[in-house]
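Both backbone and side-chain heavy atoms feed into the values below; hydrogens, waters and symmetry mates do not. Computed from a predicted structure; not experimentally measured.
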Amino acid sequence: LADATRTVDRLVAASLVRRGEAGRFELHDLIRAFGMARAQDEDAPAGRKAALTRLLGYYTFAAATAMDQYAPRLRAHRPRGPDPGLPIPPLTDRESAAAWLDAERANLVGAGVHGVPSGHAGLLSRILFRYLQTGGYIREALVLHTSATESADPVARGHALVSLAATHSQVGRYEDATRLAERGLDC
């Protein structure tokens with residue numbers, strides 16, 4: 001963490017990274033595209049896959065930990081990935097959990113989209129369902145749950161279809177909700 005902090009500080013000083021809100025960092029679109037191209041050209045596919053797996057594992061574990069504070073009564077009904085052994089922020093109450101979920105929402109949905117082949121999409125769909133539903137994050141819920149419907153695991157696919165049905169119902173699309181729920185029950 002100390003090495004990463006020093007590296008980020010150097011990147012900020014060189015105007016390659018911007019400090020965003022709440023201590024977060026952002027890359028300019030051109031820098032992001034350049035970095036992606038370099039990784040594609042220079043990193044072995046196995047290394048890229050391993051890095052993505054670590055990132056997805058981190059987000060799955062941290063999201064489950066946050067949801068344990070955000071909606072503790074549903075803890076027993078939520079899946080939990082293994083602890084990846086990476087530090088996560090202190091998520092000790094509902095407020096800190098909600099703040100982290102709000103700050104990471106786009107990344108969590110993106111992780112779900114990229115996590116279909118590894119099964120993380122289905123996990124994140126189940127883990128984040130209550131947060132997305134109660135927060136009214138319809139667009140994000142539609143993206144995440146739709147991605148999770150592509151899961152190879154029929155149980156994950158069924159949960160995603162039912163979550164997607166609930167999201168459609170939440171915005172008054174009852175015919176779509178019924179069709180999706182019936183598909184989910186068939187999994």
Subject >> salt bridge (Lys or Arg N to Asp or Glu O under 4.0 Å) between D186 and R183, worked out >> reply: CA-CA 5 Å; D186 288 339; R183 280 183 53 205; over 6 Å; no
Original post:
How many angstroms lie between CD in Q133 and CG in L128, if you round to the nearest 0.5 Å?
Top reply: 12.5 Å
**OP:** Can you measure from CZ (R54) to CG (L86) and round to the nearest 0.5 angstrom?
**Re:** 8.5 Å
**OP:** List the steps and the verdict of salt bridge (Lys or Arg N to Asp or Glu O under 4.0 Å) for D41 and R38.
**Re:** CA-CA 5 Å; D41 292 343; R38 291 288 304 266; over 6 Å; no
**OP:** Quick one: which residue pairs count as a salt bridge (Lys or Arg N to Asp or Glu O under 4.0 Å) with a foot in residues 137-160, not counting sequence neighbours?
**Re:** R105-E140
Original post:
Between F25 and R18, is there a cation-pi geometry (under 6.0 Å to ring centre, at most 45° from the normal)?
Top reply: no
Subject >> side chain to side chain contact (heavy atoms under 4.5 Å, CB included) assessment of R48 paired with Q40 >> reply: CA-CA 8 Å; R48 290 193 314 269; Q40 192 74 19; 3.6 Å; yes
Original post:
Should L101 and M67 be marked as a side chain to side chain contact (heavy atoms under 4.5 Å, CB included) after you check the CA-CA gap, both sets of side-chain angles, and the distance that decides it?
Top reply: CA-CA 9 Å; L101 289 163; M67 287 304 297; 3.7 Å; yes
Original post:
Strictly by modelled atom types, are Y58 and D83 linked by a side-chain donor-acceptor pair under 3.5 Å?
Top reply: no
Original post:
Do you see a donor-acceptor pair shorter than 3.5 Å between the side chains of D68 and T65?
Top reply: no
Subject >> N-O pairing of R6 and D9 below 4.0 Å >> reply: no
Original post:
To the nearest 0.5 Å, how far apart are CZ in F61 and CG in L123?
Top reply: 13.0 Å
Original post:
At their closest point, which heavy atom of V113 faces which heavy atom of S147, and how far apart are they?
Top reply: CG2-OG, 3.4 Å
Original post:
Atom OG in S163, atom CG in L144: separation rounded to 0.5 Å?
Top reply: 8.5 Å
**OP:** To the nearest 0.5 Å, tell me how far S15 OG sits from H28 NE2.
**Re:** 11.0 Å
**OP:** Using the salt bridge (Lys or Arg N to Asp or Glu O under 4.0 Å) rule, take R24 and E104 through it: C-alpha gap first, then chi angles, then the decisive distance, then the call.
**Re:** CA-CA 10 Å; R24 303 181 65 75; E104 293 290 343; 2.9 Å; yes
Original post:
Rounded to the nearest 0.5 Å, how far apart are OG of S169 and CG of L164?
Top reply: 11.5 Å
